[in-house]
Structures are given as structure tokens and as C-alpha cells.
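In what follows, a structure is listed as C-alpha cells, so that the remarks can point back to it.
Just follow the structure's listing: the first ligand is 1, and inside any ligand the first atom is 1. We're numbering straight along the sequence, starting at 1.
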Amino acid sequence: MKEVRAKKFLGQHFLTDEDIALKIVDSLQNRSKVLEIGAGMGVLTKYLINRVDDFKVVEIDSESVEYLNANFRQLEGKIIEGDFLNISLNDLFCGDNFSLIGNFPYNISNLILFKVFENKFMIDEVVGMFQKEVADRIVAKQGSKTYGILSVLLSAFYDREYLFTVSNQVFNPPPKVQSAVIRLKRNNISDLGVSESDFVRVVKTSFNQRRKMLRQSLKPLQMSLEKVEQKYLTLRPEQMSKDDFIILTKEIYDV
Ligand code: SAH
């Protein structure tokens, strides 16, 4: 069976280091139901098949799907040919929660993470390889330069952990930049105490002008600044913890 030729527009960079593949798979703690995004030529898949009770794959590239079907008989009926961003996750494991794993296509990393956020009540854990810069942003702590919208939103529902850095030399073709593997584990929060869409709006609006103080950046929300504690108005968004954003949301929307 011929190998799959890497397609740049699909973010295909195939991992060639078996030790790293195994290390990624071993980083996944909850293995009862697992969805792998973008299996490619199956470097992670072949370890996952034997370690996961209920395993599925979503892969957009028909050539990869053909390769996987030909090389992994056990995957019969478990490969969804399609775009992770468009599939419905509700029926995937008969409504049960699951974990996500993958060497994710870098061109859609942010969209994958927003989908994780939207489906947080179903996704218990994520172990994923990202472009290092994106990984840094996801795990960034309050006060750091890379702290941004996804750091805040994900930290509200997940414990975030930077696991290890991966050299660009262990991919075919090598990407321009380094990669990193991170883990997200669902915390026990089910309700923020504010409307989630209000919270997301406040976080996004604040970071839209990340160098400005909140007094300025919150203007598009057209609320009265009197409602907001003075101390917040002179802060920049990266100085705000997710709990600060929750309080701010309460103040703005009078909850
Ligand atoms: N897991 C493999 C491949 C990683 S490359 C490895 O580590 O070698 C990223 C993979 O994601 C490719 O196989 C690509 O075809 C697939 N992919 C890209 N966009 C996708 C999408 N929207 N939905 C599902 N898979 C996608």
C-alpha cells in the first residue's frame, strides 16, 4: 500500500517518531471512549486501537481513510470520513462522554478548541499536539503575554497542562515551527453563575483591544461603567483571571 502524500492545505505533517507517538497516547488518562481527530497514516491510531475500549476516528482526507482501512482491519466501522468541525458529537458514543486525542491539523487548531469549549459537557479530556505557540496560548496563565481568549475560556472548565515540546524534525514534512503536546482535563465546574454567552462576550470584547484598559475596550458593550468595580476599569485583559472575568460579567449584566 502506497503511503499518503502529505497535503499542506489539510495541515498534514505525519509524525515519524514512534517513541513520541507512544508518549502522546500514554498521556491520555481516560481511555474508555476516545475520538482521534486526523489519523493520517495511523501513527497514533495503531497504539490507540489496543488501549481504548471504544475508539473512533474522524479523518477528512479520503486517501488517508483508504490507507487506514487497508492497514487496520480493527477500524472497520469506526472511521468517520469527514470534517471534525462539521460532525455532530452528540451521537458519537451514544450520548456518552469521551476523550479527544490527535496530532491536530494546525490550520484549524483554534476552531477545534472552540468546538471543545462548546462541547465541554461531553468532552472529558483532550490530549493534543499543537503548534508550540498555540499550546503556549492555551496553557498561559494570567499575566503572561500569551494569555488570551482561549486561555480564559478553557480555564473556566478545564485544568490545562503543558506536557512536552516536540521538535519539528520528527515530522514528514517538517513544519516550520516546533510543536507541543498539552492535556486538558475537565474540572468539576458545571455552572459559572453567569450566562455563558455573556461571559464569552465580555472575554472576547476585552481581548479585542488587548493593550487597552478595560474602561476603553469594554465600550462596544455599551454598558454604564458605573456598574463595574473601579479596580477592573484600569486593568488590561491579561491581568484578569477567569474568576475576575466572571465577576466582571456579573457586574455588567447585573446578575
Ligand atoms: N495523526 C497523524 C496525522 C497528523 S496530520 C500523525 O500524527 O502523523 C493532521 C491530520 O488531520 C491529517 O491526516 C489531515 O488529513 C487531518 N485533518 C485535517 N483537517 C481535518 C478536519 N477538519 N477533520 C478531520 N481531520 C482533518
To which protein heavy atom is atom 2 (C) of ligand 1 closest, and what is the distance rounded to 0.1 Å?
Ala39 O, 3.4 Å

Looking only at non-hydrogen atoms, which of Ala6, Gly82, Pro105 approaches atom 24 (C) of ligand 1 most closely?
Gly82

Run the numbers for me: atoms of ligand 1, each under 4.0 Å from some heavy atom of Ile108, listed by number.
21 (C), 22 (N)

Do me a favour and list the nearest non-hydrogen protein atom to atom 7 (O) of ligand 1 with residue, atom name and distance?
Asn103 ND2, 2.8 Å

How about Leu214 and Leu248: do any of their side-chain heavy atoms sit closer than 4.5 Å?
yes

Are Phe199 and Phe121 co-members of a hydrophobic cluster defined by side-chain heavy atoms under 4.5 Å apart?
yes

So which atom in Pro173 and which in Ala6 form the shortest heavy-atom distance, rounded to 0.1 Å?
CD-CB, 3.4 Å

Atom 11 (O) of ligand 1: nearest protein contact (heavy atom, Å):
Gly38 CA, 3.2 Å

Consider ligand 1: state whether an atom of it lies below 4.0 angstrom from any non-hydrogen atom of Val58.
yes

Nearest-neighbour protein heavy atom for atom 23 (N) of ligand 1, which is reported as residue plus atom name and distance:
Phe84 N, 3.0 Å

Counting from 1, what ligand 1 atoms have a heavy atom of Val43 closer than 4.0 Å?
6 (C), 7 (O), 8 (O)

Which of the atoms of ligand 1 are close to Leu15, meaning less than 4.0 Å from one of its heavy atoms?
6 (C), 7 (O), 8 (O)

Here the atoms of ligand 1 under 4.0 Å from any heavy atom belonging to Gly11 are 5 (S), 9 (C)

Protein heavy atom at shortest distance from atom 12 (C) of ligand 1
Gln12 CG, 3.3 Å

What atoms of ligand 1 come within less than 4.0 Å of a heavy atom belonging to Glu36?
1 (N)

Mark up the atoms of ligand 1 that fall under 4.0 Å of a heavy atom belonging to Asp61, in ascending order.
15 (O)

Plane angle bin for Phe98 and Phe93 - parallel if under 30°, tilted between 30 and 60°, otherwise perpendicular
tilted

So which protein heavy atom does atom 18 (C) of ligand 1 come closest to, and at what separation?
Leu10 O, 3.1 Å

Would Ile138 and Val200 show up in the same hydrophobic cluster when neighbours are defined by side-chain heavy atoms closer than 4.5 Å?
yes

Would you call Arg201-Asp198 a salt bridge at under 4.0 Å N-O?
yes

Side chain, backbone, both or neither: Lys7 near ligand 1, heavy atoms under 4.0 Å
neither

So which protein heavy atom does atom 15 (O) of ligand 1 come closest to, and at what separation?
Glu59 OE2, 2.6 Å

Check whether Arg210 reaches the backbone of Lys145 with its side chain - one donor and one acceptor, N or O, closer than 3.5 Å.
yes

So do Val139 and Glu161 actually touch side chain to side chain, heavy atoms under 4.5 Å?
no

For atom 22 (N) of ligand 1, find the nearest protein heavy atom and state the residue, atom name and distance (0.1 Å precision).
Asp83 OD1, 2.7 Å

Classify the ring geometry between Phe207 and Tyr147 as parallel (under 30°), tilted (30 to 60°) or perpendicular (over 60°).
perpendicular

Is the NZ or CZ atom of Lys120 positioned over Tyr158's six-membered ring, under 6.0 angstrom from the centre and within 45° of the axis?
no

Presence of salt bridge, Lys33 and Asp96, under 4.0 angstrom
yes

